[in-house]
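The block underneath contains the structure these notes are about, expressed in structure tokens.
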There are 4 protein chains.
Amino acid sequence: MPRPLSETARQKAIDATFAILGDEGIDGFSIEAVTRRSGVAKTTIYRHWSSANELLVDALDCHIETVPAPDTGSLHGDLTAMTTSALEVMADPARRRMLLDLLSAAASDPELEQIKQALVSERTHPIVEIVERAVERGEIPPIEPERAVTFVHGPLMARTMLQGEPPTTDELPELIELIMRGLGAERPDT
Amino acid sequence: MPRPLSETARQKAIDATFAILGDEGIDGFSIEAVTRRSGVAKTTIYRHWSSANELLVDALDCHIETVPAPDTGSLHGDLTAMTTSALEVMADPARRRMLLDLLSAAASDPELEQIKQALVSERTHPIVEIVERAVERGEIPPIEPERAVTFVHGPLMARTMLQGEPPTTDELPELIELIMRGLGAERPDT
Amino acid sequence: MPRPLSETARQKAIDATFAILGDEGIDGFSIEAVTRRSGVAKTTIYRHWSSANELLVDALDCHIETVPAPDTGSLHGDLTAMTTSALEVMADPARRRMLLDLLSAAASDPELEQIKQALVSERTHPIVEIVERAVERGEIPPIEPERAVTFVHGPLMARTMLQGEPPTTDELPELIELIMRGLGAERPDT
Amino acid sequence: MPRPLSETARQKAIDATFAILGDEGIDGFSIEAVTRRSGVAKTTIYRHWSSANELLVDALDCHIETVPAPDTGSLHGDLTAMTTSALEVMADPARRRMLLDLLSAAASDPELEQIKQALVSERTHPIVEIVERAVERGEIPPIEPERAVTFVHGPLMARTMLQGEPPTTDELPELIELIMRGLGAERPDT
DNA sequence: TGTTAAGCGAGACGGTACGTCGCGTCTTAAT
DNA sequence: ATTAAGACGCGACGTACCGTCTCGCTTAACA
């Protein structure tokens with residue numbers, strides 16, 4: 001008989017959440033901040049989501065962008081394409097901070113941990129694909145795909161987060177060479 | 001002329017911080033909680049640390065024993081020792097969370113960025129040493145040390161943070177094998 | 001559209017304020033003391049009053065008690081009745097202290113000064129009435145009423161505040177005699 | 001052997017106290033404010049005065065010149081001289097406030113009560129003298145001196161504290177006339 | 001098609017923690 | 001042994017959000 005939870009309110013709250021994360025980082029995120037920014041009442045937010053984290057999860061969920069696996073014909077080309085696109089994300093400080101905020105928040109919230117997994121796998125799947133194709137082509141010896149992913153993303157992450165800055169574009173070739181050697185490619189061919 | 005910041009107060013606050021993390025997790029951590037638990041006044045805490053995060057970082061810092069570079073005679077042995085000890089830290093969710101908090105906070109605070117650098121280099125220096133020795137011994141071709149560090153820590157970080165759990169101890173050998181191959185070691189082990 | 005500031009919360013805070021003033025004097029008065037005593041949250045108090053003084057003013061305002069002018073037929077009788085009742089207030093150390101606290105606080109807060117005026121005039125009006133009746137009856141020569149008030153309250157105040165103790169009941173007749181003589185009554189007649 | 005409590009420090013603190021009262025009013029007065037303004041250390045202030053109130057009282061004391069009993073030859077002249085000088089003190093809001101603070105503090109602190117008594121008697125003694133001389137001269141009938149004091153100070157106090165402002169200089173003659181009549185002077189003046 | 005229950009904005013409520021200020025006590029070094 | 005300097009435990013300050021609640025207004029689905 002009554003009207004259902006309105007989709008407009010939901011969308012406004014989610015948009016505001018995302019806008020806040022981009023502008024102020026996770027520290028600026030609070031139910032009341034969303035209220036202020038979106039014009040959606042606190043009551044309404046609690047009617048849609050039972051906690052701030054759930055709203056966060058939902059907002060991030062809505063913004064997962066699917067990255068297709070490149071297929072250039074060689075592991076080297078595919079890796080180059082893949083890491084280049086990953087670097088674009090990392091090079092943007094706002095996005096970098098959002099990722100870190102998510103990682104740290106997820107460390108103490110199993111619910112966020114799951115949404116993190118979903119976001120991460122969106123990025124890891126293409127790598128799995130790339131590596132599997134390379135194995136089929138005989139470019140590299142068989143390898144457990146998850147381990148390969150670790151090997152591709154790891155150096156990028158370490159570089160970005162520990163050193164504070166992502167690698168520059170001209171450092172990429174050297175990194176890829178090391179990665180390929182680690183994966184067992186015969187010759188990274190120059 | 002006045003008395004210096006007292007070491008006892010500092011220690012009591014740090015101990016209380018750790019006790020809280022152990023008993024209630026990071027959610028139970030607050031300046032006032034530390035005050036209640038330690039008997040150290042809030043004002044005093046603020047005299048020692050300008051923010052809750054700094055106290056957290058300091059507590060972390062105090063409880064992470066500086067690991068000297070192992071010297072087992074071979075790159076493989078050194079890496080095993082090094083990564084094993086790194087894993088111990090990563091396996092503790094509280095420390096993992098603190099590291100992530102530090103990384104994300106540092107992303108938007110230059111002051112924290114420096115503290116982070118200090119903590120990170122505490123961990124990277126031993127690796128630089130290990131790698132340099134391996135190069136001297138001719139085990140691996142010459143390599144820019146920072147890049148090598150990236151290659152050792154990266155997979156561990158990716159594993160821990162992206163997948164949510166650090167690698168188990170029996171996965172270590174395989175990871176090390178990949179890392180060594182990436183660094184160009186002739187044959188990881190016979 | 002939201003619910004209005006609740007009258008219950010307001011009343012509870014005001015009552016607690018008054019209770020504190022009576023029990024501990026103005027030094028015991030603080031927002032947090034009111035919070036503790038009333039069960040009304042600090043935030044709520046700040047929603048109702050923008051400062052501690054405003055609450056104080058409001059609380060005192062609510063407790064102004066109207067004293068009716070006695071009418072015994074003679075100035076001597078009226079004065080006796082009036083000063084006796086005034087003495088009752090002064091004899092209570094808690095009320096005495098409250099009055100002094102109010103006087104001194106009002107000396108640097110125009111807002112409190114006004115509420116003080118209201119409280120004072122509640123006590124002065126009856127005296128004005130008494131004196132005016134005495135003038136009409138020809139008991140005393142015409143006099144500016146405010147000056148007469150000064151003359152009745154003054155000695156009582158000086159006695160109470162400077163000497164530290166209010167006059168005893170058996171000193172009253174002599175004081176009244178002096179007052180009447182000052183006002184110009186032919187003979188205080190015994 | 002040790003040096004005694006230094007008079008310079010004492011003076012600097014008292015001067016700073018007065019400067020603060022002048023610049024920021026009594027609300028700006030605090031031990032730490034005096035410390036900041038005078039350069040005299042907190043320790044030193046507590047060595048000289050056991051509380052902020054005592055410092056305040058002392059500062060007041062130092063800046064109130066002891067007024068000797070005037071001797072003009074007539075009660076009327078003496079009273080005029082006496083009340084005029086009392087009015088000067090009362091006209092200064094800072095001193096007025098300080099007097100009230102002292103009175104209210106004394107109401108619940110026996111130690112302060114004594115200090116108050118000392119300050120008060122500094123002002124009452126001259127009046128006692130004046131009145132005794134008037135009795136000797138036969139100007140007024142014998143009277144208990146304390147009661148006379150009450151009668152001189154009372155109207156001034158009531159005027160100043162209840163009405164909020166001290167009487168103006170041109171109101172004084174009328175007040176004195178009333179006081180003299182109350183004391184039983186045959187004819188205040190012809 | 002008019003009724004009506006639920007959604008909605010607004011925001012008051014009792015709370016917890018924040019980071020700051022001043023208190024009065026204390027410790028230290030320097031004169 | 002007094003002083004300037006200031007750290008200490010303490011407690012109140014005023015603010016920000018929390019999650020719950022009450023309020024009228026609005027609106028979509030059912031009768």
Side-chain angles (χ1 to χ4, degrees), chain A residues 1-10 12 27-36 38-52, chain B residues 1-10 12 28-36 38-52, chain C residues 1-10 12 27-36 38-52, chain D residues 1-6 8-9 12 28-36 38-52:
Chain A
M1 269 166 281
R3 72 186 136 159
L5 291 173
S6 90
E7 184 52 33
T8 25
R10 201 187 98 96
K12 279 198 284 182
D27 291 338
F29 170 72
S30 74
I31 298 279
E32 308 218 328
V34 173
T35 282
R36 280 192 296 271
S38 65
V40 171
K42 227 205 287 198
T43 338
T44 306
I45 290 173
Y46 278 104
R47 220 171 268 123
H48 284 260
W49 302 276
S50 64
S51 74
Chain B
M1 270 188 269
R3 81 181 121 166
L5 288 173
S6 90
E7 187 51 36
T8 17
R10 202 187 96 94
K12 279 197 282 183
F29 169 73
S30 72
I31 300 281
E32 305 221 324
V34 173
T35 283
R36 280 191 296 270
S38 64
V40 171
K42 217 204 297 198
T43 29
T44 302
I45 291 175
Y46 279 104
R47 248 172 239 121
H48 285 257
W49 302 275
S50 64
S51 74
Chain C
M1 273 192 271
R3 79 181 122 167
L5 288 172
S6 90
E7 186 52 34
T8 17
R10 202 186 96 96
K12 279 197 284 184
D27 291 337
F29 170 71
S30 73
I31 300 281
E32 304 221 325
V34 173
T35 283
R36 279 191 296 270
S38 66
V40 171
K42 216 204 299 196
T43 32
T44 302
I45 291 174
Y46 279 105
R47 246 171 242 125
H48 284 258
W49 301 276
S50 63
S51 75
Chain D
M1 264 162 286
R3 65 191 138 152
L5 290 174
S6 90
T8 28
K12 279 198 283 182
F29 170 72
S30 73
I31 299 280
E32 309 218 327
V34 173
T35 282
R36 279 192 297 270
S38 65
V40 171
K42 228 203 290 197
T43 335
T44 309
I45 291 174
Y46 279 104
R47 225 185 298 281
H48 284 263
W49 302 275
S50 64
S51 74

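Below, chain A is the first sequence line, B the second, and so on; all start at residue 1. Computed from a prediction, not measured in an experiment: that's the story for all the values here.
- Two end axes, each from the C1' atoms of five base pairs, can be drawn for the helix from E:dT1-F:dA31 to E:dT31-F:dA1; they diverge by 10°, to 10 degrees.
- Residue A:H48 places no side-chain N or O under 4.0 Å from the OP1 or OP2 atom of E:dG7.
- E:dC8 atom C1' lies 17 Å from atom CZ of A:R10, rounded to whole Å.
- If you take CD1 on A:I31 and OH on A:Y46, they are separated by 4.0 Å, rounding to the nearest 0.5 Å.
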For nucleotides 17-22 of chain E, read 5' to 3', which letter fits each nucleotide if B means a protein heavy atom sits under 4.0 Å from the base, S means only the sugar-phosphate is that close, and - means neither?
SBBBBB
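- With rounding to whole Å, A:D27 atom CG is found 13 Å from F:dC18 atom P.
- When rounded to the nearest whole Å, the span between CD1 of D:I45 and P of F:dG6 equals 15 Å.
- To the nearest 0.5 angstrom, D:S38 atom OG is 5.0 Å from D:I45 atom CD1.
- Taking the side-chain contact (heavy atoms from CB on, under 4.5 Å) definition, one finds that B:A9 meets it with B:S6, B:V40, B:T44, B:H48, sequence neighbours left out.
- Shown here for C:A33 and C:G28, the closest heavy-atom pair between the two residues is CB-O, 3.5 Å.
- Partners of C:K12 under the salt bridge (charged side-chain N to carboxylate O under 4.0 Å, His left out) rule, at least two apart in sequence or in another chain, do not exist in this structure.
- Remark: A:R10 pairs with A:E7, A:D58 by the salt bridge (charged side-chain N to carboxylate O under 4.0 Å, His left out) rule, at least two apart or across chains.
- What separates NZ of D:K12 from C1' of F:dA5 is a distance of 14 Å, to the nearest Å.
- In this structure, B:T44 does not reach the F:dA7 phosphate: none of its side-chain N or O atoms is under 4.0 Å from OP1 or OP2.
- Residue B:S6 places no side-chain N or O under 4.0 Å from the OP1 or OP2 atom of F:dA7.
- Taking CZ from A:R36 and OG from A:S30, the interatomic distance works out to 5.5 Å, rounded to the nearest 0.5 Å.
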